[in-house]
Enquirer: 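Sharing a structure below in structure tokens format, with a few things to ask.
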2 protein chains.
Amino acid sequence: MASRAGRRLLTRDDWTRAALEALAEGGVTAVSVERLAKKLGATRGSFYWHFRDRGELIEAAVARWERENTIELIPPAEAIGDPVERLRHLFREVYEREVDAVELALASAPDEPLVAPGLARVVRMRLDFLRRIFSDLGLPDAEADERAWLAYAFYIGHHQLGRNPATRASRPGRLDPLVELLTVTNSRDRDQRRDAR
Amino acid sequence: MASRAGRRLLTRDDWTRAALEALAEGGVTAVSVERLAKKLGATRGSFYWHFRDRGELIEAAVARWERENTIELIPPAEAIGDPVERLRHLFREVYEREVDAVELALASAPDEPLVAPGLARVVRMRLDFLRRIFSDLGLPDAEADERAWLAYAFYIGHHQLGRNPATRASRPGRLDPLVELLTVTNSRDRDQRRDAR
DNA sequence: ACCTGAACACCGTTCAAGT
DNA sequence: ACCTGAACACCGTTCAAGT
């Protein structure tokens, strides 16, 4: 038949947007060329004019998520001067809220070759942000690195545990007490405890 | 043709074991009836005599992992009297080691209906174990709950971050300093900091 | 340049028929 | 009781042919 019989021609972007929607709704497996084609009113064959294969589509979707998501989230948070307040803000805005569905889908496949590079870039930006908090708090670099790692790994696990209704039940209501713990700087306590052993 | 032409008859257990191997090697998607049938030298039709569908197979594999894995890991660790030592032991044996491949595969699909119930049972046992550490340390219940959650969420994120070669680079070498932080009990520090604001 | 339609491979599922 | 073999549906991929 002729060029889309009245319908608008599709762009690479149309397919990518549709892929992100599918990703959010059903994870990586839901990104099916056949289903997207049906949704967009095209044939699967059409897809292969815009993309080499399904993998290239997923890569494009990840890249788009990366741009729209992490890049513009960091600057406003960075503006908060007091590092403890900055972490508290982060916990309220990012830890205690429901996490974006696309992120959940991607975080579930951290070692898929299609997902790994984009995800790694995002993780690095966020770890840097956290490291700066603990540096500003006066911790030496090695300790700031450790705490950033702890805080970010906690972020991942916190949201992953929240996905399972049965385990979500154990989730603490507010995370402020954990901010207190994570920002302890006085080394006296730890020294004391070590000496007492 | 006749009953397996010389070959041994297959049991439900044979299929389940093969499913666990596939799970470890390639995650949930790798558990394919067709591939398992080929590996076991049977037809796909044979599979459906033992199981209702692919989902039932995955459930059976999860249940087996649950038994073989968490149940017998807890008692030896529970024997350590000093709670700080108990946590340090846990970090060395469970956090710093590579995590079992099946667990990684399952943790990546925490909200799949086939995986969720078994995974939730395991999580509950482990959270209880952690809670006891912090209770024995003298923390009130609410605080023990929070720290157990923090410690377990960290466990998940720590291993997930370790799967991506690019992010694994930021991983701290030893986790002992984090044990120190997680077991801080003196509330003086936190009070002091709060007063200083 | 962008798309269709038919073809093939892979795999989940069903089921009648075999032993 | 346990299995085969053929059939069907779903979906990724290719490609010749259309406009």
Side-chain angles (χ1 to χ4, degrees), chain A residues 1-62 105-106 108-109 112-115, chain B residues 1-62 105-106 108-109 112-115:
Chain A
M1 225 170 289
S3 49
R4 313 258 313 130
R7 281 193 204 78
R8 190 171 65 77
L9 292 186
L10 291 175
T11 65
R12 229 181 116 90
D13 229 57
D14 292 324
W15 289 97
T16 310
R17 256 196 307 274
L20 269 182
E21 275 174 42
L23 207 45
E25 283 162 26
V28 179
T29 29
V31 183
S32 146
V33 176
E34 159 119 279
R35 267 177 276 183
L36 296 184
K38 205 168 282 173
K39 195 171 175 186
L40 293 171
T43 59
R44 283 173 288 168
S46 158
F47 169 83
Y48 286 89
W49 194 87
H50 297 282
F51 294 88
R52 197 175 7 87
D53 55 19
R54 180 174 171 270
E56 194 180 295
L57 171 66
I58 293 178
E59 274 171 2
V62 172
L106 298 181
S108 282
E112 273 207 43
L114 308 165
V115 170
Chain B
M1 226 169 289
S3 49
R4 313 264 309 132
R7 280 194 205 79
R8 191 172 63 78
L9 292 186
L10 291 175
T11 65
R12 230 180 117 90
D13 229 58
D14 291 325
W15 289 97
T16 309
R17 256 197 307 273
L20 270 181
E21 274 173 42
L23 205 46
E25 282 163 25
V28 180
T29 28
V31 183
S32 148
V33 176
E34 159 120 281
R35 266 176 277 182
L36 296 185
K38 204 168 283 174
K39 197 170 174 186
L40 293 172
T43 59
R44 283 172 289 169
S46 157
F47 169 82
Y48 285 89
W49 194 86
H50 297 283
F51 295 88
R52 197 175 8 84
D53 55 18
R54 178 174 172 270
E56 196 180 293
L57 172 65
I58 293 177
E59 274 170 3
V62 172
L106 298 180
S108 281
E112 272 207 42
L114 308 164
V115 171

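Quick caveat, the model's predicted, so the values are computed rather than measured. Every chain is numbered from 1, with letters handed out A, B, ... down the list of sequences.
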Enquirer: Name the atoms and distances for all side-chain donor-acceptor pairs under 3.5 Å in residues 18-37 of chain A, with sequence neighbours left out.
Expert:
{"from": "A:Glu21", "atom 1": "OE1", "to": "A:Lys39", "atom 2": "NZ", "distance (Å)": "2.9"}
{"from": "A:Ser32", "atom 1": "OG", "to": "A:Glu34", "atom 2": "N", "distance (Å)": "3.4"}
{"from": "A:Ser32", "atom 1": "OG", "to": "A:Arg35", "atom 2": "N", "distance (Å)": "3.1"}

Enquirer: Can you list everything that forms a side chain to side chain donor-acceptor pair (under 3.5 Å) with A:Ser108? Sequence neighbours excluded, please.
Expert: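 Partners of A:Ser108 under the side chain to side chain donor-acceptor pair (under 3.5 Å) test: A:Arg163.
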
Enquirer: Looking at A:His50, does any N or O in its side chain come under 4.0 Å of the phosphate oxygens OP1/OP2 on C:dA1?
Expert: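 For C:dA1, OP1/OP2 do not have a side-chain N/O of A:His50 under 4.0 Å.
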
Enquirer: Step by step, would you call B:Ile58 with B:Glu112 a side chain to side chain contact (heavy atoms under 4.5 Å, CB included)?
Expert: CA-CA 11 Å; B:Ile58 293 177; B:Glu112 272 207 42; 5.5 Å; no

Enquirer: Looking at side-chain heavy atoms only, is the closest gap between A:Leu106 and A:Val62 below 4.5 Å?
Expert: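 A:Leu106 vs A:Val62: side chains touch.
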
Enquirer: Mind calculating the distance between CG (A:Leu9) and P (D:dG18) to the nearest angstrom?
Expert: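 In whole Å, D:dG18 P and A:Leu9 CG are 19 Å from each other.
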
Enquirer: Once salt bridge (Lys or Arg N to Asp or Glu O under 4.0 Å) is applied, do any residues pair with A:Asp53, and if so which ones, sequence neighbours excluded?
Expert: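 Result, salt bridge (Lys or Arg N to Asp or Glu O under 4.0 Å) vs A:Asp53: none returned.
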
Enquirer: Atom CD of B:Glu59 and atom OG1 of B:Thr16: how far apart are they, to the nearest 0.5 Å?
Expert: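 Going from CD on B:Glu59 over to OG1 on B:Thr16, the span is 11.5 Å.
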
Enquirer: Would you write out the dot-bracket form of DNA chain C, 5' to 3', with Watson-Crick and G-U pairs under 3.5 Å, [ ] for crossing pairs, | for pairs to other strands and . for unpaired bases?
Expert: ||.|||||...|||||.||

Enquirer: Quick one: list whatever passes ring-ring contact (aromatic ring centres under 6.0 Å, His included) with B:Phe47, sequence neighbours left out.
Expert: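 Once residues adjacent in sequence are excluded, the partners of B:Phe47 under the ring-ring contact (aromatic ring centres under 6.0 Å, His included) criterion are B:Trp15, B:Phe51.
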
Enquirer: Do any N or O atoms from the side chain of B:His50 and from the backbone of B:Leu10 form a donor-acceptor pair under 3.5 angstrom?
Expert: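 Judged by distance alone, yes, a pair lies under 3.5 Å.
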
Enquirer: So if I define the base as every atom that isn't primed, P, OP1 or OP2, how would nucleotides 9-15 of chain C read as a B/S/- string at a heavy-atom cutoff under 4.0 Å?
Expert: -SBBBBB

Enquirer: Could you work out which one of D:dA1, C:dT4, D:dT4 sits closest to the side chain of A:Ala42?
Expert: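 Nearest nucleotide to the side chain: C:dT4.
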
Enquirer: B:Arg12 CZ to D:dA1 C1': how many Å, rounded?
Expert: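 Rounding to the nearest Å, CZ of B:Arg12 and C1' of D:dA1 are 15 Å apart.
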
Enquirer: In whole Å, what is the span from the CG atom of B:Leu10 to the P atom of D:dA1?
Expert: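 Atom-to-atom, B:Leu10 to D:dA1, this comes out as 17 Å.
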
